[in-house]
> 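I'd like to ask some things about the structure below.
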Amino acid sequence: MDPLRLLLPRAQAQPLLPLPAGVPAPSVRPRLVPRRRARRHRNGAARMLPASAVASESPWTEQDPPSGEKEERFDWLDQWYPFAPVEDLDPGAPHGKMVLGIRVVAWYDRGAGEWRVFEDACPHRLAPLSEGRIDDKGRLQCVYHGWCFDGRGACKFIPQAPALGPPVHTNSKACVASYPCVVQNKLLWFYPRAGPEHRDVLQRKRPPFIPEIDDPSFVTSFLIRDMPFGYDVLAENLMDPSHVPYAHKGLFRGLPRLVDPGREEYDKEGGVPMAVKVEESSVNGFASSQGPGYSKFVAPCTYYGSPASKKSEKNKPHLMIVFIIVPVAPGRSRVMWAYPRNFGLWLHKITPRWFDHIGVNVILDSDMYLLHLEERNFAKAGIENWQKSVYVPTTSDGTVVAFRNWFRKHCRFQVGWAAPTVDQLPPTPTKDKLMDRYWSHVAQCRSCSAALKAMRALEVALQVASIAVVGLLAVAKGTLLTSVAQRAVVVSVAVLCFAASRWLADFIQKNFYFEDYVHAYK
């Protein structure tokens, strides 16, 4: 695992479901934070925790607007949404995903040299275009009946239409909806409105921009994974640093420990209060600070920050954490995760992405089941009872409370889905399906897919080699292999090949498909 990952905050959340229209908004109180054991740095000095991080004397309450002032509603459709990291998109094939409740397909238009994002439905009989192909002229072809579309979504060819007949392919009904899209910060973004009035939306509004991702002195690589719980649960979890020593126990060795003044009891996980301060908040998100570090939420998808100050010197080591939070459907979300940094560049160059992703997936696995069930507990209590169902009295939950305030005030606890959506959580599958890594990550990641293919081939080669060696022993027993020592060596090689193939099969299963995460034994 890349040791730089140990410096990052991780994914966890407390779930919540959409608030039905007309239900009064609840007030929110911050949640209790775990405790942390004092530990000395290498120079022998212990870091002291500011007294301001201690629990407030009274629970936090939500700040309602002055009487008569109308709260600004967040427009979910007037936003840019990330489709996927460009490095995980094969330009030779279309790629389908669901985002904001709509199915979209991304494909590379060779003629224009640009990525395109369409509605994932052929206008002919609504077959998914993501199951199609790029034809020899660089057009997107539906494989159901062969209809072909150019980069603007116009139908250019209908095989079933007579060449001498009327040009039915020029009818507006033969066109597919094409969404504005742009590649920025190594991600493909799209705007979920396809009308002609939105064609030039980039001139008015762009996706959130993080300079460090494009800075040549930094290295950045994204991971993408689908999560079996909703957008608000994922967002709240990624903004919550105080769960890290507990939900991710043992996965962040080497982190500096803080000291809580006046505390006599510490647990072995080492949780302590955190002085999180929310500095500004609006319909477009909020900003917060914790000591010299900072974080910022740019609604609805971007959350980033750094343990260092924004004003840190340019040549000093600098690490950022970037989470891209994508609403997929009720009870489903997607995370894209990166940590741009200007140090450890050589380690980044020699470490394959798939190896780095193994460690990140373990972190995501470690609280995935907790969050999935937690979301259902909140659904049972009712979203309108969120404030009554939780107890969050400390500043450690500052960003969690800030997000819940934003989600309540400007969204009424609801994601503004772009298509009619049944606002109901899907049933809970078995744990091996819930925590499946292949479909949630590997199938979407070009690096991990290639590594899996190579390892599968190596596994087969080792098995074939072990059988071939045994066959050689049987055939050449009385000719080439005349001594006991020679036969012992051949048998040893066969056993080692077989054992290596079994070890590799177990490695593949655990890291590319499923491995249970049992907190009791961590």
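Note: hydrogens, waters and symmetry copies are ignored here, and every other heavy atom, side chains too, is used. No experiment lies behind these values; they were computed from the predicted model shown.
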> Please tell me whether Trp80 and Tyr179 form a close aromatic pair, meaning their ring centres lie under 6.0 Å apart.
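Ring-ring flag for Trp80/Tyr179: false, centres at least 6.0 Å apart.
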> Working note: Arg341 + Glu212, criterion side-chain contact (heavy atoms from CB on, under 4.5 Å); need CA distance, chi angles, decisive distance, verdict.
CA-CA 8 Å; Arg341 60 188 185 276; Glu212 288 81 357; over 6 Å; no
> Just do the side-chain hydrogen bond (donor to acceptor under 3.5 Å, both in side chains) check on Ser295 and Tyr304 with the steps written out, would you?
CA-CA 6 Å; Ser295 64; Tyr304 64 93; over 6 Å; no
> For Asp90, which residues count as a salt bridge (Lys or Arg N to Asp or Glu O under 4.0 Å) partner, sequence neighbours excluded?
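Asp90 satisfies salt bridge (Lys or Arg N to Asp or Glu O under 4.0 Å) with no other residue.
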> Is Val117 close to Trp189 at the side-chain level, that is, under 4.5 Å between some pair of heavy atoms?
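No, every pair of side-chain atoms sits at 4.5 Å or beyond.
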> Any pair with a residue in residues 123-135 that passes salt bridge (Lys or Arg N to Asp or Glu O under 4.0 Å), sequence neighbours left out, goes on the list, sorted by first then second residue, please.
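Listed once each, the pairs are Asp135-Arg139.
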> Could you pull out the closest heavy-atom pair between Asp226 and Arg334, with the gap in Å?
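Smallest interatomic distance, heavy atoms only, reads OD1-NE, 2.6 Å.
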> Assess whether atom CZ of Arg502 is packed by more than 12 heavy atoms of other residues, nucleotides or ligands within 6.0 Å.
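Yes, the 6.0 Å shell around CZ holds more than 12 heavy atoms from other groups.
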> CG of Leu364 to OG of Ser366: how many Å apart, nearest 0.5 Å?
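The OG atom of Ser366 is 7.5 Å from CG of Leu364, to the nearest 0.5 Å.
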> We want to know whether Ser221 and His348 form a side-chain donor-acceptor pair, criterion being a heavy-atom distance below 3.5 angstrom.
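Their side chains do not contain a donor-acceptor pair, so the 3.5 Å distance test is not met.
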> Please say whether more than 12 non-hydrogen atoms of neighbouring residues, nucleotides or ligands are located less than 6.0 Å from CZ in Phe498.
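12 or below, so no.
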> Looking at CG of Asn185 and CD1 of Ile210, how far apart are the two atoms once the value is rounded to the nearest 0.5 Å?
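Here the rounded value is 5.5 Å.
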> To the nearest 0.5 angstrom, please state how far the OH atom of Tyr81 sits from the OH atom of Tyr191.
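Rounded to the nearest 0.5 Å, the OH-OH separation comes out at 9.5 Å.
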> Would you say the side-chain atoms of Arg376 and Thr428 include a donor-acceptor pair closer than 3.5 Å?
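Yes.
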> Would you tell me whether Asp356 and Thr351 have side-chain atoms, one donor and one acceptor, within less than 3.5 Å of each other?
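No, no side-chain donor-acceptor contact under 3.5 Å.
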> State the SG-CZ distance between Cys181 and Phe83, to the nearest 0.5 angstrom.
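It is 10.0 Å, given to the nearest 0.5 Å.
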> Just checking, Lys431 and Tyr369: is the charged tip under 6.0 Å from the six-membered ring centre and within 45° of the axis?
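Yes, Lys431 sits over the ring of Tyr369.
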> Name the one of Ile102, Val105, Ile224 that satisfies side chain to side chain contact (heavy atoms under 4.5 Å, CB included) with Lys97?
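Testing Lys97 for a side chain to side chain contact (heavy atoms under 4.5 Å, CB included) against Ile102, Val105, Ile224 leaves exactly one candidate, Ile224.
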> Keeping the roles fixed (side chain from Asn361, backbone from His357), state whether a donor-acceptor pair exists under 3.5 Å.
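A pair under 3.5 Å: yes.
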> List in chain and number order the residues that pass ring-ring contact (aromatic ring centres under 6.0 Å, His included) with Trp503, two or more places apart in sequence or in another chain; answer none if no residue qualifies.
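Here the qualifying residues are Phe507.
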